[in-house]
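Just the heavy atoms: all of them, side chains too, but no hydrogens, waters or symmetry mates, feed the values below. Nothing here was measured: the structure is a model prediction, and the numbers come from that model. Each ligand, and each atom within it, is numbered from 1 in the order the structure gives.
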Amino acid sequence: MIRTRFAPSPTGYMHIGNLRTALYEFLIAKSSGGKFILRIEDTDQERLVEGSVDVIYETLKLTGLRHDEGPDVGGAFGPYVQSERKSTYMDYAKQLIESGHAYYCFCTKERLAEIKEQNASENMVKYDRHCLSLSKEEIEKNLADGIPFIIRQNIPQTGSTTFHDVVYGDITIENNMIEDQVLIKSDGLPTYNFANVVDDHLMEITHVVRGSEYLTSTPKYNLLYNSFGWNIPTYVHLPPVMKNQTEKLSKRNGDASFGDLVEKGFLAEAILNYIALLGWSPSENREIFSLEELIENFHLEGLSKSPSIFDIKKLTWMNGEYIKNLPFEKFCELALPQLKTSIKRTGVDLAKLCSYIQSRLETLNDIPSLVDFIDTLPAYDTELYVHKKMKTTLEIALDSLKMVLPILESDTCLDEHALNDKLLLLAEEKGIKNGQLLWPLRTALSGKPTSPCGASELAILLGKEETLLRVQKGIGFLTK
Ligand code: GLU
């Protein structure tokens, strides 16, 4: 059975690239009836940020990437938090020391810094393997004396390591280019480099999906798998998500995280759909996929090694499509909180307003600027009344506003349809175009070049009193 894992470090920030990794891991597992596992990689205690595990849970919940096993849901391969597996790593590291594939290193920080400094001119400074030649007695004495130590991997000095990656193909690295990497740090915790191998093996992970920055480390991991006599997983390394041609999307540059995008009014489903296409091409020419459809259509061959650029305009467009296609109830649920904080005027039919704005939004955060005129009529220019195509001049606009006033004053127009019928009838009687009557009214009521609905809808939404006030104001304005 295929088993994939999402292994984020709790940094408090869900990078778009990390979320894409999680999505592909989910899709690889789910498209073959496999399991998707969440593992928290918190061995780098200095990088820990409080509350950040919640960001991970929240993201997976919002996006629907439901994990089958993990710290919060349990499973047969736990614990799923690396800091809770400390003794396991130590046991395995000692096993490697026994078999000669690892060794204790007692070098002080100062000594290591010196090596670096002395060889500063070289491209790559490797540890000089000083402690590899310590005698058994020396090692035992040091341990008995409580001298701090780390454990290093004993990398073969000759030969090369080749491995296959689903996206990048065959990759070969000369062993002498690899440093005797640290497996266990002085705090007794494993490095990522060691923990990922032990955990992926123990958790029976079949496909390891991660960023291409791990490609060059993979030979070290494979040497570890070989030292233990374990099976090597299938590797799927992914190119970075770029901000432009040369820069990666990054937290350091303040680029938006998943959480930031949600706060900016993007829907989790749209974000997920968009990032699915950053590095994967479906076999048919199509862009909108629900998560279910992604599971049905996903195939590893569609993954590409050329980096893609995160295009916020494209995401914005896609988000608009998702908003349009939301079931109306669901849209109201999402839009109402924003409408309630944006509109203070009483008596406005918010459900009706929802139906007017649903097809006009690209993000939920467009709502306030779309409806701001409802509370206060913005200051506007009389030019707004002019509509060249409809041959509406300022004079015609003024006449029209005067003509509609009696209709608006009468109590017979209880809904927008009845009002609209009356207005159209009036236009016919007066022998003018519908637009010549409706455009000035729409302008007087909204004070904007565009509004979420037409003149009659606006009038009903605003209510009789406010409608009359605004039309009278328009008349005054045009009379000057
Ligand atoms: N904890 C690593 C990270 O957040 C995971 C890398 C991996 O998936 O192996 O980058």
Asks: Tell me, which protein residue and heavy-atom name are nearest atom 5 (C) of ligand 1, and how many Å apart are they?
Replies: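 Of every protein heavy atom, Ala7 O, 3.1 Å lies nearest to atom 5 (C) of ligand 1.
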Asks: For atom 7 (C) of ligand 1, find the nearest protein heavy atom and state the residue, atom name and distance (0.1 Å precision).
Replies: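 Sorting protein heavy atoms by distance from atom 7 (C) of ligand 1 puts Tyr192 OH, 3.2 Å first.
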Asks: Would you mind running through ligand 1 and noting each atom that sits below 4.0 Å from a heavy atom of Glu41?
Replies: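 So the atoms of ligand 1 that pass are 1 (N), 2 (C), 5 (C).
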Asks: Starting from atom 3 (C) of ligand 1, what is the nearest protein heavy atom, named by residue and atom, and what distance separates them?
Replies: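 Answer, as residue, atom name and distance: Tyr214 OH, 3.5 Å.
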Asks: Test of understanding: given a 4.0 Å heavy-atom threshold, classify the contact between Phe6 and ligand 1 as side chain, backbone, both, or neither.
Replies: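 No part of Phe6 is near ligand 1 at this cut-off.
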Asks: Could you tell me whether Glu293 and Arg286 make a salt bridge, using a distance below 4.0 angstrom between a side-chain N and a carboxylate O?
Replies: yes
Asks: Less than 4.5 Å apart, any side-chain heavy atom of Leu134 and any of Phe106?
Replies: yes
Asks: Any non-hydrogen side-chain atom of Lys248 less than 4.5 Å from a side-chain atom of Asn253?
Replies: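 No, every pair of side-chain atoms sits at 4.5 Å or beyond.
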Asks: Salt bridge check, Arg39 against Glu69: does any charged N sit closer than 4.0 Å to a carboxylate O?
Replies: no
Asks: Under a 4.0 Å N-O cut-off, is there an ion pair linking Asp68 with Lys30?
Replies: yes
Asks: Does any N/O atom on Arg210 come nearer than 3.5 Å to any N/O atom on ligand 1?
Replies: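 N/O-N/O distance under 3.5 Å: yes.
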Asks: So is Asn196 polar-close to ligand 1, meaning N/O to N/O under 3.5 Å?
Replies: no
Asks: Distance to 0.1 Å, residue and atom name: give those for the protein heavy atom nearest to atom 8 (O) of ligand 1.
Replies: Arg5 NH1, 2.8 Å
Asks: Can a side-chain donor-acceptor contact be found between Tyr103 and Asp180 if the only test is distance below 3.5 angstrom?
Replies: yes
